Chemist: 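To start, I am sharing the structure in question, which I have written as C-alpha cells.
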Amino acid sequence: MVTEFSVSARPLVEVRDLRKRFGANEVLNGINLDIHAGEVVVIVGPSGSGKSTLLRCFNRLESIDGGDILFEGRSVSAYREHELRQRIGMVFQQFNLFPHLTALDNLTIAPRKIHKTARAICEERARELLARVGLAVKAGSYPNQLSGGQQQRVAIARALMMEPKMMLFDEVTSALDPELIGEVLAVMRQLADDGMTMVVVTHEMQFAREVGDRVVFMDGGQIIEQGAPGAVLLNPSEARTQQFLKRIKG
Amino acid sequence: MSDPSGYAFDAQAIWRHLPELAQGLLHTLGASVLGIMAAVLIGLVFGAARAYRVPVANQIGTAYVALFRGTPILVQIFFLYYALPDLGIRLEVSHVAVLALALWGGSYNTENFRAAFIAVPPGAMQAASALGMPGHLRFIWIALPLAVRVALPSLGNTSISVLKDSAYLSVIAYAELTYVATNIVAIEFRVFEMFAVLAATYLGMVLLLSWGLSRITAHLARRGTVGDL
C-alpha cells in the first residue's frame, strides 16, 4: 500500500487530550491522535480499554468530557450533529440493519428522507454499492433472509451511501461465525485500497498487519504505543503491548 | 316445536325485527370503528410520549392511563354523558359513544404502544443516528414501523374489547345493537331470540376483526420482524 505524506496536509482528524468518563470510571484518559486522509488506522487493545468509546466520540454517539476532536479542522461539537454523522460513516458489531426494510431500502432510506433525493437516483447508487460488496442479487432480501456476513456487508454499503469522508468500524467481525469473517474483511480491504480513511477497532491481527497503515495499542483509556503494524504487532516496545499480544496468541 | 316450559324459539321474531337490528348494528359498527381508530391514535401519541419521556405529555399520559384503566368503562360512559353537561360540556349521545370508546381503548393502547416503542431494537435506532437521520425521521421511518409490528397483537386485543364493550353504550340509550335488542326483549319478551342474535353478531364481528388482524400480521411477518434482529 502506498501512503503519501504531504507536509502541508492537515490531518483529517485531530484528537487532543480527549477525556471521557462514565460516572466515576475514566474511560478515556487524555488521548492524542492524528488521522490523515486516506489512512487506515487500526486500534487494538484489551476489552474495556476505551477503543469503542474513542470511536463513538468521533461521530458524537458519546459526548466528550474534556479535550477536543477536530474533524477537517473544526471541533466536532461545532458541527450540527446529523451533519457530522453524514460525513463519518459507522459500522457496528451487531450490523444493526433496519429489520423491516429490504437490503436496498436499508441503503436508500437515509438519503431519501434526509436529502429528499429521488428514489430512482438513490436506488441506482444503492445497486452499485450492493454490487461493490458482492450482494447485487440480494437487493430485495430482508435482513432475516441474509447471513451475518451478508448483513454486515449491507451495513457497510449503507454507510457508504452517505458518501462519508471517513469510516469507523467497531469490531465488525466479532459477532460473525469464523467462516463469514473473510468476506467482510475482503470488502474492508477493497475500501482501503480505494483510498477511504478508516478507523478500525478489531481483534483481527492479520487484517491489522496487512491492511493497516498504522496500529494503535490502547489500554486503560490511554494510547500505550503506536506505529507501523509490523513494529507494534511483531516487535512491540511496551511491556503492556507485549503482554496483550502474547495473551491473544494464546 | 313446542316446549314444555311454554317457551318456543321464534325465528320469525328475529326476521320481523331485522330492520331495527340492522340499524343497531350500523350504530355499533360506526361507534366501534371510529372509537378503535381514535383509540389507536391516542395510544400512539401518549405511548410514544411515555416511552420517550416527553416532558408534560409523559405526565399527562401517565395520569390518563391511571384514570381510564383504573375505572370501569360503565362509570366512564355515565360520567361523560351525565356529568359533563353539568360542567358545561354538552355532547350528542353519538359523540359521547365514540369518545367513551376512544378514551377507554386509548388508555390500553397507550400501554401497548409504550411497550412496543421500548422494544424497538436500540441498535437500529443507533444506526439511524449514525447515518445522520435527525430525531423526527428516526421516529417516523424506523421506530414507528417497528413499534407497530410489536404492538399489533395487543392492539388487536384492545380493539376487540372496544368492539364488544360498545354494548355498554346501551346504558345511555345510544341506539346500538344491544340497546335495540334489549328493547325488543322488554316489549316482546323474546329473550332467547334476541340474545342469540346478539351473541352471534358480536362473535361474527370479532372473528372478522381477528381474521383481518392475522392477515396484517402475516403480511408483516413475511418481511423482517423485530424478533429476527
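Everything numeric here is computed off the predicted structure, so don't read it as measured data.
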Chemist: Checking Glu39(A) side chain against Ile35(A) main chain: does a donor-acceptor pair fall under 3.5 Å?
Modeler: no
Chemist: May I ask you to list the residues in residues 137-144 of chain B that approach chain A closer than 4.5 angstrom, counting heavy atoms only, ordered by number?
Modeler: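 Under the 4.5 Å heavy-atom cut-off, Leu137(B), Trp141(B), Ile142(B) qualify.
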Chemist: Which of residues 107-122 of chain A get closer than 4.5 angstrom to chain B, counting heavy atoms alone?
Modeler: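 Counting heavy atoms that sit under 4.5 Å from chain B, the residues of residues 107-122 of chain A involved are Ile109(A), Ala110(A), Lys113(A), Ile114(A).
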Chemist: Any side-chain heavy atom of Thr102(A) within less than 4.5 Å of one from Ser141(A)?
Modeler: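 In short, these two side chains do not touch, never coming nearer than 4.5 Å.
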Chemist: Does the side chain of Phe46(B) come within less than 4.5 Å of Asn58(B)'s, by heavy atoms?
Modeler: no
Chemist: For the pair Asp34(A) and Arg214(A), find out whether any cationic side-chain nitrogen is under 4.0 Å from an anionic carboxylate oxygen.
Modeler: no
Chemist: Drop me the distance from Ser32(B)'s OG to His27(B)'s NE2, to the nearest 0.5 angstrom.
Modeler: 12.0 Å
Chemist: Taking the side chain as everything from C-beta on, heavy atoms only, tell me whether Ile31(A) gets closer than 4.5 Å to Leu28(A).
Modeler: yes
Chemist: A quick test of your reading: do over 12 heavy atoms of other residues, nucleotides or ligands sit less than 6.0 Å from CD of Gln59(B)?
Modeler: yes
Chemist: Any side-chain heavy-atom pair from Val162(B) and Trp104(B) closer than 4.5 angstrom?
Modeler: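 Contact flag for Val162(B)/Trp104(B) side chains = yes.
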Chemist: Please output the residues of residues 152-187 of chain A in contact with chain B, using a heavy-atom cutoff of under 4.5 Å, in numerical order.
Modeler: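 Within residues 152-187 of chain A, the residues under 4.5 Å from chain B are Arg158(A), Ala159(A), Met162(A).
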Chemist: Looking at Thr182(B), Leu21(B), Leu26(B), which hits side-chain contact (heavy atoms from CB on, under 4.5 Å) with Leu177(B)?
Modeler: Leu21(B)
Chemist: Do His36(A) and Val13(A) have side chains that get closer than 4.5 Å, going by heavy atoms?
Modeler: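 No, side chains not in contact.
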Chemist: Determine whether the side chains of Thr178(B) and Tyr202(B) contain a donor N or O and an acceptor N or O closer than 3.5 Å.
Modeler: yes
Chemist: Could you tell me which residues in residues 54-81 of chain A have at least one non-hydrogen atom under 4.5 Å from a non-hydrogen atom of chain B, sorted by residue number?
Modeler: Arg56(A), Asn59(A), Leu61(A)
Chemist: Compare all side-chain heavy atoms of Val96(B) with those of Ile172(B) and state whether any distance is below 4.5 angstrom.
Modeler: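 Side chain of Val96(B) against side chain of Ile172(B), heavy atoms only: contact under 4.5 Å found.
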Chemist: Can the ring centres of Tyr174(B) and Tyr179(B) be said to be less than 6.0 Å apart?
Modeler: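 Aromatic pair excluded; centres sit 6.0 Å or further apart.
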Chemist: Quick one: are Leu80(B) and Ile89(B) in side-chain contact, heavy atoms under 4.5 Å?
Modeler: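 No, every pair of side-chain atoms sits at 4.5 Å or beyond.
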Chemist: Do Val216(A) and Val41(A) touch side chain to side chain, with heavy atoms closer than 4.5 Å?
Modeler: yes
Chemist: Please round to the nearest 0.5 Å and tell me the distance separating atom CG of Leu103(B) and atom OG of Ser107(B).
Modeler: 8.5 Å
